[in-house]
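Okay, structure first, notes after.
Everything numeric here is computed off the predicted structure, so don't read it as measured data.
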Amino acid sequence: MFKLETMIYASEDGTYSVFTLNPDLQKQLDALATQHPEVCQRKARGEAGGVTYQVRSDLVEIKPK
């Protein structure tokens, strides 16, 4: 068993830097980046399968499950 870790960092420029290994979240963020590039951009893919996104914090509400 392994963890599908996600880390969210708040930046001073009003964005979140989101790094995730979770493929379901990657699909959701890729769709958001495609439909609304002014809100979300895919920044980098890591060697271990993780992806980093930059998301505008004023348009996102983060709710833990």
Side-chain angles (χ1 to χ4, degrees):
M1 185 174 186
F2 57 93
K3 292 183 180 183
L4 299 177
E5 192 168 286
T6 299
M7 295 177 277
I8 302 170
Y9 301 96
S11 299
E12 292 181 11
D13 66 356
T15 63
Y16 292 125
S17 177
V18 180
F19 171 81
T20 185
L21 293 166
N22 184 323
D24 292 332
L25 182 55
Q26 289 175 7
K27 288 178 189 174
Q28 291 178 359
L29 290 170
D30 281 337
L32 181 63
T34 299
Q35 295 171 5
H36 301 284
E38 72 283 1
V39 175
C40 178
Q41 298 88 40
R42 183 173 163 166
K43 292 298 184 180
R45 177 174 286 281
E47 293 178 18
V51 182
T52 302
Y53 300 86
Q54 187 172 12
V55 182
R56 283 184 44 195
S57 61
D58 61 328
L59 300 176
V60 176
E61 183 176 356
I62 298 173
K63 294 182 182 180
K65 285 187 172 185

Which residues share a side chain to side chain donor-acceptor pair (under 3.5 Å) with Thr15, sequence neighbours left out: Asp13, Gln54
From CG (Leu32) to CD (Gln41), nearest 0.5 Å: 9.5 Å
Of all pairs that satisfy side chain to side chain donor-acceptor pair (under 3.5 Å), the ones with a partner from residues 19-29, not counting sequence neighbours: Thr6-Thr20
Glu5 CD to Leu25 CG distance, which is reported to the nearest 0.5 Å: 12.5 Å
Contacts of type salt bridge (charged side-chain N to carboxylate O under 4.0 Å, His left out), residue Arg45, not counting sequence neighbours: none
Heavy-atom closest contact (Tyr16 atom, Ser57 atom, distance): CE1-CB, 3.4 Å
Any side-chain heavy-atom pair of Leu29 and Val51 under 4.5 Å: no
Side chain to side chain donor-acceptor pair (under 3.5 Å) against Ser17, all qualifying residues, sequence neighbours excluded: none
